[in-house]
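Before I ask anything, here is the structure I am working with.
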Amino acid sequence: MTTRTFRIMVRGVFDGLTDEQRAELLAAAPEHDVLHATFTREGHLSYDLNARAAFTFRFLDEGEAEEDILEAAERAEQAAQSWLADRGYGYKNVRSQAEDLSQAPLGKRQRRAANGTR
């Protein structure tokens, strides 16, 4: 059986942050800039509190069957919520979106490479 790679995005909104928590997040903002966002096994958090209170965690996971994507999405949501709760950050409207990369459509360059054309 082949291994499938899943990319999971967990989105939500910070809720009820104290002034201290907001300052803490703003101080750490450069390492959570959306321009540096990447999918990782442990999850990468990005946000821009100056624009809005939304956040996105990006997770990379694997499975062997198509239905494993559901468990991967659940693990990602739980990991994101644990990260937030461990730091005392309030949140709401958490939802996830998962993609099985083996099912993702090829981009224009990838189609040309697969067909042997330039």
Side-chain angles (χ1 to χ4, degrees):
M1 199 169 247
T2 61
T3 302
R4 296 168 178 260
T5 301
F6 307 128
R7 291 192 318 189
I8 304 110
M9 292 179 42
V10 179
R11 293 185 171 102
V13 179
F14 290 112
D15 186 45
L17 295 175
T18 65
D19 290 340
E20 184 179 305
Q21 289 172 322
R22 186 171 178 74
E24 186 178 285
L25 287 167
L26 287 171
E31 66 188 75
H32 299 287
D33 190 298
V34 70
L35 297 176
H36 299 112
T38 185
F39 288 88
T40 65
R41 298 214 181 280
E42 52 283 333
H44 181 268
L45 171 63
S46 62
Y47 57 85
D48 183 356
L49 282 181
N50 291 319
R52 59 188 201 151
F55 60 80
T56 303
F57 282 88
R58 289 171 175 80
F59 290 92
L60 194 61
D61 204 338
E62 293 179 343
E64 293 184 359
E66 188 174 338
E67 55 273 6
D68 291 343
I69 197 167
L70 299 173
E71 290 177 13
E74 180 63 30
R75 281 191 300 272
E77 282 188 30
Q78 288 176 356
Q81 291 172 340
S82 291
W83 190 94
L84 293 162
D86 289 349
R87 288 154 182 81
Y89 297 143
Y91 58 90
K92 62 182 180 181
N93 302 332
V94 173
R95 64 205 177 282
S96 63
Q97 178 181 3
E99 176 182 26
D100 180 345
L101 294 184
S102 71
Q103 302 296 314
L106 295 177
K108 191 175 193 179
R109 289 183 184 165
Q110 291 170 313
R111 284 193 303 269
R112 280 193 290 215
N115 293 330
T117 60
R118 292 182 155 228

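As the structure is a prediction and not an experimental result, all values here were calculated from the model.
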*Is any side-chain heavy atom of His32 less than 4.5 Å from a side-chain heavy atom of Leu49?*
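No, side chains not in contact.
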_Nearest 0.5 angstrom please: Leu45 CG to Leu25 CG, how far?_
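The distance works out to 8.0 Å.
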*asked:* Counting only heavy atoms not in Glu42 (residues, nucleotides, ligands), do more than 12 fall under 6.0 Å from its CD?
replied: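 Atom CD in Glu42 is packed in, count exceeds 12.
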_I'd like to know whether Val10 forms a side chain to side chain contact (heavy atoms under 4.5 Å, CB included) with Val94, so could you lay out the CA-CA distance, the side-chain angles of the two residues, the decisive distance to 0.1 Å, and finally the verdict._
CA-CA 7 Å; Val10 179; Val94 173; 3.7 Å; yes
*Hey, could you give me the CD/OG1 distance between Gln97 and Thr56, rounded to the nearest 0.5 Å?*
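That separation rounds to 10.0 Å.
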*Check the surroundings of atom CG in Asp86: do more than 12 heavy atoms from other residues, nucleotides or ligands lie under 6.0 Å from it?*
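Count over threshold, so yes.
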_Can you give me the closest heavy-atom contact between Glu77 and Ser96, atom names plus distance?_
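Scanning both residues completely, I find the closest heavy atoms to be OE2-OG, 2.6 Å.
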*Heavy-atom check, side chain of Glu62 versus side chain of Arg41, under 4.5 Å*: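 Yes - at least one pair of side-chain heavy atoms lies under 4.5 Å apart.
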*Aromatic ring centroids of Phe57 and Phe55 under 6.0 Å?*
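Ring-ring flag for Phe57/Phe55: true, centres closer than 6.0 Å.
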_Could you report the tightest heavy-atom contact between Ala37 and Arg58, atom names first, then the distance?_
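In terms of heavy atoms, the two residues are closest at CB-NH1, 3.5 Å.
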*Kindly say whether the aromatic ring centers of Phe59 and Phe39 come within a distance under 6.0 Å.*
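Between Phe59 and Phe39, the centre distance exceeds or equals 6.0 Å.
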*Heavy atoms only: give me the nearest Ser102-Asp100 pair and the separation to one decimal.*
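For Ser102 versus Asp100, the nearest heavy atoms are OG-OD1, 2.7 Å.
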*Heavy-atom count around Arg52 CZ within 6.0 Å, excluding the residue itself: above 12?*
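No, not enclosed.
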*Relative to the ring of Tyr47, is the ring of Phe14 parallel (under 30°), tilted (30 to 60°) or perpendicular (over 60°)?*
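Phe14 and Tyr47: perpendicular rings.
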*Does some side-chain heavy atom of Asp61 sit less than 4.5 Å from a side-chain heavy atom of Ile8?*
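A side-chain contact under 4.5 Å exists here.
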_How long is the straight-line distance from CG of Asp15 back to CG of Leu17, given to the nearest 0.5 Å?_
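With rounding to 0.5 Å, CG (Leu17) is 7.5 Å from CG (Asp15).
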*Indicate, with yes or no, if Phe6 and Leu70 share a hydrophobic cluster defined by side-chain heavy-atom contacts under 4.5 Å among Ile, Leu, Val, Met, Phe, Trp and Tyr.*
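Leu70 clusters together with Phe6.
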*Looking at OG1 of Thr5 and CD of Gln103, how far apart are the two atoms once the value is rounded to the nearest 0.5 Å?*
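Answer for the OG1-CD pair, Thr5 versus Gln103, is 12.0 Å.
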_Please report the interatomic distance CG(Leu60) to CZ(Arg7), rounded to the nearest 0.5 Å._
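The CZ atom of Arg7 is 8.5 Å from CG of Leu60, to the nearest 0.5 Å.
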*Does Pro30 offer a backbone N or O that forms a donor-acceptor pair with the side chain of Asp33 under 3.5 Å?*
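Side chain of Asp33 to backbone of Pro30, a donor-acceptor pair under 3.5 Å: no, none is there.
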*Could you please spell out the steps behind the side chain to side chain contact (heavy atoms under 4.5 Å, CB included) verdict for Glu64 and Arg4?*
CA-CA 6 Å; Glu64 293 184 359; Arg4 296 168 178 260; over 6 Å; no
*Do any N or O atoms from the side chain of Arg11 and from the backbone of Met9 form a donor-acceptor pair under 3.5 angstrom?*
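No, the answer is negative, given that no donor and acceptor are paired below the 3.5 Å cut-off.
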*Heavy-atom check, side chain of Trp83 versus side chain of Gln81, under 4.5 Å*: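 In short, these two side chains do not touch, never coming nearer than 4.5 Å.
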_Evaluate His36 against Glu31 for side chain to side chain contact (heavy atoms under 4.5 Å, CB included), listing each step before the verdict._
CA-CA 8 Å; His36 299 112; Glu31 66 188 75; over 6 Å; no
